[in-house]
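Below: the structure, in structure tokens.
All chains are named by letter (A, B, ...) in the order of the sequence lines, taking the proteins before the strands, and each is independently numbered beginning at 1.
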Amino acid sequence: MSVVRRGRFTRKITAKISPDRSDGDDVWDVIQLARHQDRPYPLDYVQRLMTDFEEIHGDRLLSDDPALVCGVGRYHGRPVAVIGHQKGRDTNERTFRNFGMPSPEGYRKGMRLMELAAKFDLDLITLIDTPGAYPGAGAEERGQGGAIARSMQAMLRLPVPTVAVVIGEGSSGGALALGVADRVVMLENTTYSVISPEGGSAILWRDAGRARDAAAAFRPTAANCYRWGVADAVVPEPPGGAHEDADEAARLLDTYLDRTLSELRRLTDAERRTRRRERFRRMGVYREVPPEGGAAIASGRAGRSASSPNDHPAQGKRDPSS
Amino acid sequence: MSVVRRGRFTRKITAKISPDRSDGDDVWDVIQLARHQDRPYPLDYVQRLMTDFEEIHGDRLLSDDPALVCGVGRYHGRPVAVIGHQKGRDTNERTFRNFGMPSPEGYRKGMRLMELAAKFDLDLITLIDTPGAYPGAGAEERGQGGAIARSMQAMLRLPVPTVAVVIGEGSSGGALALGVADRVVMLENTTYSVISPEGGSAILWRDAGRARDAAAAFRPTAANCYRWGVADAVVPEPPGGAHEDADEAARLLDTYLDRTLSELRRLTDAERRTRRRERFRRMGVYREVPPEGGAAIASGRAGRSASSPNDHPAQGKRDPSS
Amino acid sequence: MHNWGVCTSCDHHFPVGPRERIAQLADGGEWTELWGELRASDPLRFTDLQPYVERVERAEASGMAEAIVTAELSLRGVPSVAAVMDFGFLGGSMGSVVGEKFARAAGRSAEKGRPLIVVTASGGARMQEGVIALMQMAKTVVAVENLREARAPLIVVLAHPTTGGVWASFASLGDFTYAEPGALIAFSGPRVIEQTTREKLPPDFGLAEAQLHNGQVDAVVDRRELPARIGHVLGILDRPRGFDPPPAIQWAHQSRERASRAAQALPGLPRRLADRLRPNSDRRAP
Amino acid sequence: MHNWGVCTSCDHHFPVGPRERIAQLADGGEWTELWGELRASDPLRFTDLQPYVERVERAEASGMAEAIVTAELSLRGVPSVAAVMDFGFLGGSMGSVVGEKFARAAGRSAEKGRPLIVVTASGGARMQEGVIALMQMAKTVVAVENLREARAPLIVVLAHPTTGGVWASFASLGDFTYAEPGALIAFSGPRVIEQTTREKLPPDFGLAEAQLHNGQVDAVVDRRELPARIGHVLGILDRPRGFDPPPAIQWAHQSRERASRAAQALPGLPRRLADRLRPNSDRRAP
Ligand SMILES: [Zn+2]
Ligand SMILES: [Zn+2]
């Protein structure tokens, strides 16, 4: 196969996605593109996709975290809620934004926006682009782990349609905290990974310099995440990457977002919540070996669930090697 | 009238309550009793009323506040949730408990317990005894006002039966944060007030030394609060006051609590929530003057609401002087 | 009032009466007062340095009805209900009338599905109504719950000062919360804190700008910009009527640099905070 | 294991394997393993310093099945489900098997209305399963939601160490959360923090005792007291069966002094905190 296809989105999602980005250099290229400092950030997409936008500030507990931008906007004539990791483009703004690494206060601001989304029946769009949640002593003391866990919990409980878009690098729980959505989509040149390649290098290779090797091992590109069932769709970017033409990047995302939200709105609140839970409940690849002296256990786990048309081959599947 | 009577509770609530504690000295006496350092505190009641008790700690955000004790216990063979202001008896414990003045973290721990109460269908009992929420710069920076407001909001949303008991002094929003319950009851020698007499003296008399005058003006005794419709019942204390016999004080409270919780359990979750909201919606005494050139507006506000058998004459009433 | 009650030289925000305030917010300055016939009562027969009834009578004699004015108006084309407090009436204290008018305003909003715009200015609960004033805090929270179920927006503007029981009830529960520059926002005022704790407070204690830093408000907004800002939010939250309006995406066919700069300048970007934060700081309360 | 794996001299809590742990918790040391047939797969064909499949094979060869053992047991008379992590199996890392077994355990709890007892010991997500390991965090949160709807208690015991994606998912979401003395509890470990921020960390960074102070756990509990403590909580939460048992209020006809002292000594009174707090302190994070 040479083109990533995905049901009714096939027409639009026909970009030049190599389906086999397992080569280490290719993966490294995508990582560089995902981190390109001229890539559009959440406020760049908001500027292009929304006719109005009003940011909220503060968690009502302790502080405001500029690493997460949260607000309400008008999208295709409807009110929506937006949460995005904002990295900052110049040195001053990067420092101000803490390089897009949220503190617990950021996730708690996000949960406050989710309450508004529930009250006002706003579709929720999250825009993911972070090297991870901020690793600081103060962040730990103020419950970084619990903030991420409760952000996922809040997304699972939301009655409204939710779409998570990886627009740059999506690393670690700091990314997933905003990723527990009805649909998870990745732009073409983005990554979604359990850890940054640098972090993986330090831990698995015990050597900070093996980031390329780690990247080649994790293979966290959009195409691979789609193949693994972690992403529901891959949205093409303009030639050369989103940083070459932010307007076109936004337009391509818009096509996917608008259609997907319309589709999700056709479901009831309860249906969306149930399917959202089922989607993540199915994640994982494992073997079931026969218990000692018993027969192989093979029932129920393999294949697609009838209740979800968006099931993935890689979800809930027993590995063929088992 | 010489005895405070209250529907089906009349039999038990026949203590020696003077119905006319408007005399300044009497009010001051009650204030002293309400603050007596040998009075039973929440853990003293828990010890006597519950067969088991497990305290929870921490707000999962920032800290643990020992000024508010929160936990689950077994009461008459059923699980219940308890939140109480704990003042501390000796100097060390008073310091540790911050004299029963909660920080925002205390109210947030309380809201965490309310989540447990909702999950496990636990009746909620709050035990109120505080000079007020802690007035500190840090408490303000961490959202003391919002913590109190959201604690009230959480109590209004609870599906389970809730009873608030003023067991000592109930001053200011720091007390009311735990007081938005299905039933509000006061022990005989307790007070419930918009502010402590000392605070009222400093503000209204511009003189810290007029606390007795302020007390006489606020008249915040249980009997008066009952008369004003702020308390649904007054629970008698042993001769001399609760500090003279904690066991007997607990037994007298137990009689009221057990019966009231049983009664509340007969309602549906929705009925309780609706009536709880109506109870506080009706609070207030005001006049409606005829608009200029118009007729007097007299409809609807006076008298009892048919939907609540526990309506009070003083709730939602137009003042007779209007 | 001249320049909306804002000093033309230093932008200091002077107090503004509730009727002027409503006129500032209302399209064409036109609005209809609601429940102006509600007046304070004296349930406790309260006397401190003077009888409560006399305080009320003197305040009423100056033309004010109570510490809150409720109204129907149109704000940037959106039919709305407003509840605006009056610090000039007994320190904007919340007694039974404030609680009842707030609750009625919220009820009207909920019933008609219209936004409730609240402007607070209050020293807290009205002590002369004793524990009955305290109960108004709970009453207003019930009203906020009504708004939530009706999906009616609650916009709160915190004017100077917003303290005590007002801050600890409905003023803290807005869907969107704006503060006027320099407004004191606190549950306990600075004097009480200094007397109780012997703490030396920072000069900006409890001020709107500090409370933005503390995550307690969404923005500090100049009074002259309030109608535009609130109108902007209401416009966003407005549901589509009938059928969806044409998408009309504002494709900004501008250079990447311009687009990026424009994005940085979106309303709400908390530029002022940048100065307060250390590089790479792992922020905690100052 | 001798003395539950706790040093008889200094009370240090040594690591304890999941099967010994379950036996410690189970009445009579009797329990039934569930889903022991689940084994790790290698969806990424992952190799770092050695192939993932070889790491798994070596770990399995030592008799462990995976980094979590799930079981049915009776704890102080309450039929329960347990999910106990094994730091000895690839650092207790959470891959697909941990996520699936946790989800099945929660499903069993929800279905039967039984408590789920979780003991965590984990370095975080299993990196060798890449982003699929990351997704297990969301999967376990779904499982916690199932428990909530079924009203089944979730008791979490945090053993040393509980870090990364485990702490940032189900381990943070217990109804009651206990930590073993000295357990490291953090999302980012001390080494990562020091390398990233150049911060000098306090010696008790992230330890159970500090996290109690930070409001992140309900209590620090000695391992030998865990069955009694958990049994106590489960006994409280147990619904009355059939009809209410006789009230049997424990009227303590003791002197006021004795009663008061007894109340002070109730389980859960955080005495240790007292030493850390300044008099009249308006506490914030240290
Ligand atoms: Zn000036
Ligand atoms: Zn030792």
Report task. Could you give me the CA-CA distance, side-chain angles and deciding distance for A/E140 and D/F187, then say whether side chain to side chain contact (heavy atoms under 4.5 Å, CB included) is met? Result -> CA-CA 7 Å; A/E140 295 292 337; D/F187 179 58; 3.4 Å; yes
Requested in this report: Check the pair D/R148 / A/R157 against side chain to side chain contact (heavy atoms under 4.5 Å, CB included), numbers first and verdict last.
Outcome: CA-CA 12 Å; D/R148 185 173 61 96; A/R157 292 181 187 175; 3.0 Å; yes
Query raised in the report: Can A/I148 and D/W167 be said to form a side chain to side chain contact (heavy atoms under 4.5 Å, CB included), step by step?
Result: CA-CA 9 Å; A/I148 292 169; D/W167 175 232; over 6 Å; no
Query raised in the report: Given the rule in the side chain to side chain contact (heavy atoms under 4.5 Å, CB included) test, do A/Q144 and D/S188 qualify, once you have shown the distances and angles that lead to the verdict?
Result: CA-CA 9 Å; A/Q144 184 73 283; D/S188 300; over 6 Å; no
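Looking at D/V141 and A/V180, their side chains never come closer than 4.5 Å, going by heavy atoms from C-beta outward. A heavy-atom distance below 4.5 Å is found between the side chains of D/M135 and A/L176.
Chosen from A/C225, A/G200, A/S172, A/P220, the residue pairing most often with chain D at heavy-atom distances under 4.5 Å is A/S172. The candidate from D/A125, D/G36, D/A40 with the greatest count of non-hydrogen atom pairs under 4.5 Å with chain A is D/A40. Across A/A175, A/G173, A/A217, A/G146, the residue that shares the most heavy-atom pairs under 4.5 angstrom with chain D is A/A217. Ranking D/L134, D/L38, D/V144 against chain A, the residue ahead of the rest is D/L134, based on heavy-atom pairs under 4.5 Å.
Looking at A/L204, the atoms closer than 4.5 Å to chain D (heavy atoms on both sides) sit in the backbone and in the side chain alike. Contacts of D/Q211 with chain A are made by side-chain atoms alone, with heavy-atom separations under 4.5 Å and no backbone atom involved.
Atom CZ of D/R151 sits in a crowded spot, with more than 12 heavy atoms from other residues, nucleotides or ligands closer than 6.0 Å.
Annotation for D/S169 and A/M152: closest pair CB-CE, 4.1 Å, computed over non-hydrogen atoms. D/E60 and A/R287 get closest at one heavy-atom pair: OE2-NH2, 3.4 Å. Between A/G284 and D/I132, the shortest heavy-atom distance links the atoms CA-CG2, 3.9 Å. Between D/T197 and A/P135 the shortest heavy-atom distance is CG2-O, 3.1 Å.
Side-chain atoms of D/E100 never come within 3.5 Å of backbone atoms of A/Y286 as a donor-acceptor pair (strictly under, hydrogens ignored). Put simply, the side chain of D/R39 never gets that close to the backbone of A/V289: no donor and acceptor are under 3.5 Å apart. Formation of a donor-acceptor pair under 3.5 Å by the D/K139 side chain with backbone atoms of A/F280 is not found in this model.
At a cut-off of 3.5 Å, with distance as the only test, no side-chain donor of D/N146 or A/R281 sits close to an acceptor on the other residue.
Between D/R104 and A/E288 there is a salt bridge, with a side-chain nitrogen of the basic residue lying less than 4.0 Å from a carboxylate oxygen of the acidic one. Salt bridge absent: D/E145 and A/R276 never bring a charged side-chain N and a carboxylate O closer than 4.0 Å. Ion pair A/R273/D/E149 not flagged as a salt bridge, since none of the NZ, NE, NH1 or NH2 atoms sits closer than 4.0 Å to an Asp/Glu carboxylate oxygen.
Residue A/F218 is tested with D/E129, D/M127, D/Q128 for a side-chain contact (heavy atoms from CB on, under 4.5 Å); the sole match is D/M127.
Atom CZ of A/R210 sits about 9.5 Å away from atom CG of D/D48, to the nearest 0.5 Å.
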